[in-house]
Amino acid sequence: MLSGCASAPPSPAPTLIVNQCATPTPCTLPASHPANNGELHLQLERTEAAWASCAAEVDAVIACHEVAP
């Protein structure tokens, strides 16, 4: 008998990949209690960075929904 004609175990079922958009998390801002101008400026930079991070996440979700069927 030819070796290619022997019975073989069934192939494994294919893995399904579901493309779906990420669920956004609520935007949060860091707590602040600045005591001087230096701390106030640092808090402003942290707040701007937090808003930028949140905006990037929202933009990614919007982009995903524009592409998703």
Open item on the list: If you count every heavy atom of other residues, nucleotides or ligands that lies below 6.0 Å from N37 atom CG, does the total exceed 12?
Closed with: no
- [ ] Check side-chain contact (heavy atoms from CB on, under 4.5 Å) between E45 and all other residues, then give those that pass, not counting sequence neighbours.
- [x] H41, L42
- [ ] To the nearest 0.5 Å, tell me how far S32 OG sits from L40 CG.
- [x] 8.0 Å
Which atom pairs, one a donor and one an acceptor, fall under 3.5 Å between side chains of residues 22-31 and the rest of the protein, sequence neighbours left out?
unit_1: T25; atom_1: OG1; unit_2: E57; atom_2: OE1; d: 3.2
unit_1: T25; atom_1: OG1; unit_2: E57; atom_2: OE2; d: 3.3

- [ ] Please identify each residue that fulfils side chain to side chain donor-acceptor pair (under 3.5 Å) with T47, with sequence neighbours left out.
- [x] Q43
TODO: Considering non-hydrogen atoms only, spot the tightest contact between H33 and E39 and give its length.
DONE: O-OE1, 3.9 Å
